[in-house]
Each structure stands twice: as structure tokens, then as C-alpha cells.
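Note sheet for the following structure.
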Amino acid sequence: MRLEELDAEDEEDDQPLPDLPNVDAYEDVRMRLAPNPNGPWHLGSARMPAVIGTYKQMYDGWMLCRFDDTDPETKRPDPNAYGEILSSIGYLGFDPDEVVKASDRVETYYEHARTLIDEGGAYTCSCDAASFSALKNDGRPCPHREKDAETTRSEFKAMIDGEYAAGEMVLRVRTDIEHKNPALRDWVAFRMVDTPHPRSEAEEYRCWPMLDFQSGIDDHEFEITHIVRGIDLQDSAKRQGFVYDYFGWEYPEVLHWGHVQIDAYDVELSTSTIKELIANGELDGWDDPRAPTVASLQRRGIRGEAIVNAMVGLGTSTSNVDLAMSSVYAENRELIDDEADRLFFVRDGVEKTLDGGPDSAAPPVHPDHEARGVREIPVGDGVLVEPDDVPPEGQRVWLKGYGPVRYTDGVFEFTGDGIDVVREEDVDVVHWVPAEENVPLRLRTMDGDESGHVEPGIGGYGSDDVVQFERIGFARIDRHEDEETVAYFAHP
RNA sequence: GCUCGCUUGGUGUAGCCCGGCCAAUCAUAUCGGCCUUUCGAGCCGAUGACAGGGGUUCAAAUCCCCUAGCGAGCACCA
């Protein structure tokens, strides 16, 4: 009994995120991811599924993935991004209960707009953006504001029918033109876009809802109870509140978080910036190790769970936060260290002839798990070691898993010393590979590619296997090519 | 300019709503030690923070006010 109580307490203490507000008022916790499919995800985007997915697990809730793709022009959807984003969500370990695209739901938004017009909640406006903005900043209505519902209704129909070009007509929500916060005054709900939507299912639409309208309608239609979103949308709830009031709806609970920055990258955390760098060849693609993207970490063999743990650790505060990559690495190390087999990889190896000693070495596959056996490495007449690991003339070094050698006249002479020279006489232990029987390997890192040679056992590992190159770090084997094996460096 | 929000060590976070148990939690980081045929893991230890100023109170990280800094919105982007 005592123990159970303690466990229960522990569980509460281990709660990864603070409680959502007012959970008891709802039968189920229902949330949504609302990605813009204008490209594959950068690392900041991973925060959304990490936190919302974790809340879903905490409350045994329900989660929608809704693609907010209602801008065919400025933030033009990338047809491949829908699938890529879903696959990133899966990699992070989550599975939406339902997936929808806003561009499939345009008729629904029209329907609600017509109702809103009838309620007196909206009017069509042909002011150009600049002159409306000037009036609005003064708290003065434009001449269109007093239009009757019937005129608005017929002009909105003309918008839907595509009778206006971009910029000629919008539908505005009638809020409070003198509201003390200028951001809330009579905002645009629908506008004309000349560019067809990239999805063929939606290419005929010219009259598109703005995010605040679309998202507001959808959140209600899908009975979303808790919204978690960025501070850039901190006025959205207040804006949408006017529409909710017209309809007599209850607004969901809402949480805002700040922006995430990630150290360790030179590249800005922005879909458009990364897109540009790829287009002009500075990055090899979305999974280039130097790219701050979800796909990049995946290719480096970092577990989605590690990203989620690190993101969840940031909490949900409204202030901007810096995520240290080292914390992602620390989370990942904990997940993979136990299962990653050990291998020797020598960068820029220098060859040293070996004089005497056994014909082969047998270091353990994993030092903490004897049962996994040993790696038989044939030694031959010489070895490669890293330039920094060559001891001064006359000094000894311990070839890890093989034995002690003395560096004499450019040759490694086997000395047969016991392991106590390592413990008591400060002989360094270094990794090595046979000079003959090895495999060339290219290690792709955030700082560029490193070339070297790996022990022959590498052939036994396939794509996606994660190993630890001793004294270097963890890496994911990507592929075996004829002339070399390619691996991606994860972290130390 | 108008409006909204934020500010705990290198980084993140707990505590703040309901002031005292906070000479401030945990993680990461860094440094040192032990162990070790890895610069990994593990174990031990150290480092390091309440933005500043006023006020209320017996008592303030916690409540109030001011200042500073940072951020966001005021888009026919999301």
C-alpha cells in the first residue's frame, strides 16, 4: 500500500508536462497539429507533435493532423510535404487519429461565412489594403462597413464565383473598429488568390479563407478542446472570439509557447531559408547533416524519441527558448548506447608496420555485454592509426583489443606488457584497423565529411544500423558502395 | 506609435495562481575524482540563477508599482 502510494506520487512527479488547463470540463482531451505543408519539417516544427502528442498520451486523448494549406501563393503548399510531414510525425513516434486538409474543406468555410453574413458579422470590402489599414489605425470604419447583409451576400457569392481578381474584394469580420488593440479590428476572413492551389482537388478555388477564419471554424467543427500554438498566434483567439460569439460557440482552452532556437547550427530554422540553401546547392537536401531538419536527424540515426524527450523538456512557456543539441544527444545516447555495437574507425590513418605479436585481435562487440561476443580482427603485417595517436619515438601505446607496442624507428614493436602499464604507467589506449583488411568509410558530419578506414566487420551491418566508433562517437550506417561505406555521424 | 506577452545558473526547467517547509528542484553542460583496454556508460563531488529598483508584509522568487531588456501582433502569410 505504502509502495503504491509512493509509485503514484512518483508518477505524478515524472509527469513530463504541466497539466493542461480545465481538463475536467471536457469528456475527452482533443487536440490538433496544424502544420503548413509548405515544405518538410525543420527541427522547430518537431515541438508541435512532441508536445501535443505527449499530451495526447498523458490524457489518453484524441489528435487531429490538419494541414492548414489555404494559401496557394505566399506559403504555397508543396505536394510532397503532406506525406513527408506525416512520415516525420511517425518517426517521432505519434499517430494522428485523423488527418484532414483545409483545402478539402473550403465549402464548409463558405457555408459558415454565409451564416456569419446573415448574422451581421461580416461585410465585403473593396478598400485597398493600405487605405483600410490607415482608417483602421485611426479606429474609423470604411464606407463598406454599413453595407446590408444582402449586398454582402451577393458580393461574397461573386467572390466565390471568382468574379474578382486578387486584391479587389475581401470579406471582413465585423469586430469592433474602435477596439483598443488595433490587431483585432475588422480582420480579413476571405480574400481572392489568382494562383491555383497545387492540389488538383482544390485548384478551382479563388476565394480562400485566412488562417484565423479557417482554423477557428475547424477547431469548433472537430470539437478541439485544447489548442497549443506559438506566440505569433497569440491574438488569434481574441480575433476568432468575435466569430465564436456570433455563432454562440465556446472557445477551446489555449496555450501559447515561444519560439525555439537550436544551437549548433549555422542555418536558420526556417523552411524557406533551408529551401533556398538546397536550391542553390549549399545543402545536399533536407537530410543533409548540416540541415537543422527532422529528416537530417533521422538520417543520422537519432531516435525520434530523443527529439521528443528534449522538446518536452522545454516545457510550454511563452518565452523564447534555446534548445541545446547536447540535450538531444544526451537523450539519444541513453536510448542507443546499450545496443550500439562497437567498431574501430580510423580517420586519416597512417600506416605502421607491426613487429611481433598475435595474428589477430578480439575486442568485445559491446564492453557491457560479454554475451554478444568478440570481433575477430585479423592483424596482418601492419595497422592504421590516427596521426594524433602515434606516440613519440620510443614510447608505448596500447592498441585496443590487441596489445602493447613500442614505437621504434617507425615500427610498432609488440612488447608483451601486461594491462597494468595502461593503468599504472599512463600508456594510452588507441583504436586502429588492419592496414590490409579494412574497408574505406566516409563519415558525414555536421562539419563536413571525414574519410578513413573501418574494421572489416562493418560488412555485417546494414543500412539503419547504429554503431559506436570507439573514441569517436555514434553513427548510423547509411549504405555500402563499391568503393566505400557511407555512415552519418550522430553525436559523441 | 498602439496592443499583448515574457525575464530563475552556460542551456532548459520546477517553484509563482493559494507569500513562510526555497540559504531555490531536476536535467543538461563544464570541471575534478573513482572505475574502465573509448574522449562512451556508470558512480561520487564541484561550479553556477530569482533582470534592476521601490512598495505591501512579522515574512516575497512568489503579491503591487516603476524601470530596463527581449519577443509577438497591428498582412488580402501561416
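The shown structure was predicted, so the numbers you read here are calculated from the model rather than taken from an experiment. Within every chain, numbering begins at 1; the chains are lettered A, B, ... in the order of the sequence lines, protein sequences first and strands thereafter.
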Margin query: Need one value for A:Met210: base, sugar-phosphate or nothing, where a base atom within 4.0 Å counts as base even if backbone is also close, heavy atoms only.
Written below: sugar-phosphate
Item checked: Candidates B:rG73, B:rC6, B:rG40 - which lies nearest the side chain of A:Arg342 -> B:rG40
Note to self: Check A:Asp186 with A:Lys136, please: is the shortest side-chain N to carboxylate O separation under 4.0 Å?
What the structure shows: no
Check: With sugar-phosphate meaning primed atoms plus P, OP1 and OP2, does A:Leu314 contact a base, only sugar-phosphate, or nothing at under 4.0 Å between heavy atoms?
Finding: sugar-phosphate
Check: So which nucleotide from B:rA29, B:rC6, B:rC77 ends up closest to the side chain of A:Ser319?
Finding: B:rC6
Next item on the list: Round to the nearest Å and state the distance from A:Arg185 atom CZ to B:rC4 atom C1'.
Entry: 14 Å
Margin query: Counting distance alone, no hydrogens or angles: does the base of B:rG40 have a donor or acceptor under 3.5 Å from a partner atom on the side chain of A:Asp368?
Written below: yes
Notebook entry, point to check: Any idea which heavy atoms bring A:Arg66 and A:Gln214 closest together, and the distance?
Noted result: NE-OE1, 3.4 Å
Checklist line | A:Ser326, nearest nucleotide to its side chain (from B:rU28, B:rA41, B:rA78) | finding: B:rU28
Notebook entry, point to check: At under 4.0 Å, does any side-chain N or O of A:Thr70 touch on OP1 or OP2 of B:rA78?
Noted result: yes
Check: Tell me: CG of A:Asn137 to C1' of B:rC2, nearest whole Å?
Finding: 8 Å
Margin query: Which nucleotide wins on minimum distance to the side chain of A:Pro182, given the candidates B:rG40, B:rG71, B:rC74?
Written below: B:rC74
Next item on the list: Rounded to whole angstrom, note down the P distance from B:rC26 over to B:rC6.
Entry: 27 Å
Note to self: Side chains of A:Arg406 and A:Thr415: any donor to acceptor distance under 3.5 Å?
What the structure shows: no
Next item on the list: Send over the distance from A:Leu135 CG to B:rC74 P, rounded to a whole Å.
Entry: 18 Å
Check: For the side chain of A:Gln468 and the base of B:rU38, is some donor closer than 3.5 Å to an acceptor across the two?
Finding: yes
Item checked: Distance, rounded to the nearest Å, where A:Asn320 contributes CG and B:rG69 contributes C1' -> 13 Å
Checklist line | Cationic N near anionic O, under 4.0 Å, A:Arg76 to A:Asp69 | finding: no
Notebook entry, point to check: Choosing from B:rG12, B:rA75, B:rC4, which nucleotide comes nearest the side chain of A:Val321?
Noted result: B:rG12
Checklist line | Selected nucleotide, minimal atom distance to A:Ser317 side chain, candidates B:rU13, B:rU38, B:rA78 | finding: B:rU13
Item checked: NZ/NE/NH1/NH2 to OD/OE distance under 4.0 Å, A:Asp138 and A:Arg185 -> no
Notebook entry, point to check: Between B:rG12, B:rU38, B:rA78, which one does the side chain of A:Asp322 approach most closely?
Noted result: B:rG12
Notebook entry, point to check: Which residue, A:Asp389 or A:Ala324, contacts RNA chain B at a nucleotide closer to its 5' end, judged by nearest heavy atom?
Noted result: A:Ala324
Notebook entry, point to check: In whole angstroms, how far is the P atom of B:rU3 from the NE2 atom of A:His256?
Noted result: 19 Å
Check: At their closest point, which heavy atom of A:Pro72 faces which heavy atom of A:His197, and how far apart are they?
Finding: CB-CA, 3.7 Å
Next item on the list: Inspect the surroundings of CD in A:Glu334 and state if more than 12 heavy atoms from other residues, nucleotides or ligands are less than 6.0 Å away.
Entry: no
Note to self: Can you identify which nucleotide, out of B:rA78, B:rG40, B:rA75, has its nearest atom closest to the A:Phe474 side chain?
What the structure shows: B:rG40
Item checked: Options B:rG40, B:rU37, B:rC4, nucleotide nearest the side-chain atoms of A:Lys180 -> B:rC4
Note to self: Whether A:Lys238 contacts B:rG73 is assessed here as follows: a side-chain N or O lying under 4.0 Å from the phosphate OP1 or OP2. Is that the case?
What the structure shows: no
Margin query: I'd like to know if A:Arg423 reaches the base of B:rU37 with its side chain, counting only an N/O donor and acceptor under 3.5 Å.
Written below: no
Margin query: What's A:His179 touching, base or sugar-phosphate or nothing? Going by heavy atoms closer than 4.0 Å.
Written below: nothing
Margin query: Any carboxylate oxygen within less than 4.0 angstrom of a Lys/Arg side-chain nitrogen, looking at A:Arg32 and A:Asp219?
Written below: yes
Check: Using Watson-Crick and G-U wobble pairs with both distances under 3.5 Å, what is the 5'-to-3' dot-bracket string of RNA chain B, with [ ] for crossing pairs and | for pairs outside the strand?
Finding: (((((((..(((.......[.....)))((((((.......))))))...(((((..]....))))))))))))....
Notebook entry, point to check: Does NZ or CZ of A:Arg300 come closer than 6.0 Å to the centre of the six-membered ring of A:Phe474, within 45° of the ring's axis?
Noted result: no
Margin query: Tell me whether the count of non-hydrogen atoms from other residues, nucleotides or ligands lying under 6.0 Å of CD in A:Glu386 goes above 12.
Written below: yes
Next item on the list: Identify which nucleotide among B:rU37, B:rA78, B:rC74 has an atom closest to any side-chain atom of A:Arg239, counting heavy atoms from C-beta outward.
Entry: B:rC74
Next item on the list: Write down the distance between CD (A:Gln214) and C1' (B:rC76), rounded to a whole number of angstrom.
Entry: 16 Å
Note to self: Here's a test of your reading of the structure: between A:Pro35 and A:Tyr402, which maps to the more 5' nucleotide of RNA chain B?
What the structure shows: A:Tyr402
Next item on the list: Report which part of the nucleic acid A:Gly313 touches: base, sugar-phosphate, or nothing (heavy-atom distance under 4.0 Å, all strands).
Entry: sugar-phosphate
Next item on the list: Report which part of the nucleic acid A:Leu233 touches: base, sugar-phosphate, or nothing (heavy-atom distance under 4.0 Å, all strands).
Entry: base
Check: Quick one: A:Asp194 CG to B:rC77 C1', roughly how many Å, whole number?
Finding: 16 Å
Item checked: Sugar-phosphate only, base, or nothing, as touched by A:Leu211 at under 4.0 Å among non-hydrogen atoms -> base
Check: Over how many whole Å does the gap from A:Arg333 atom CZ to B:rC39 atom P extend?
Finding: 13 Å
Notebook entry, point to check: With respect to the phosphate group of B:rU36, does any side-chain polar atom (N or O) of A:Arg471 fall under 4.0 Å of OP1 or OP2?
Noted result: no
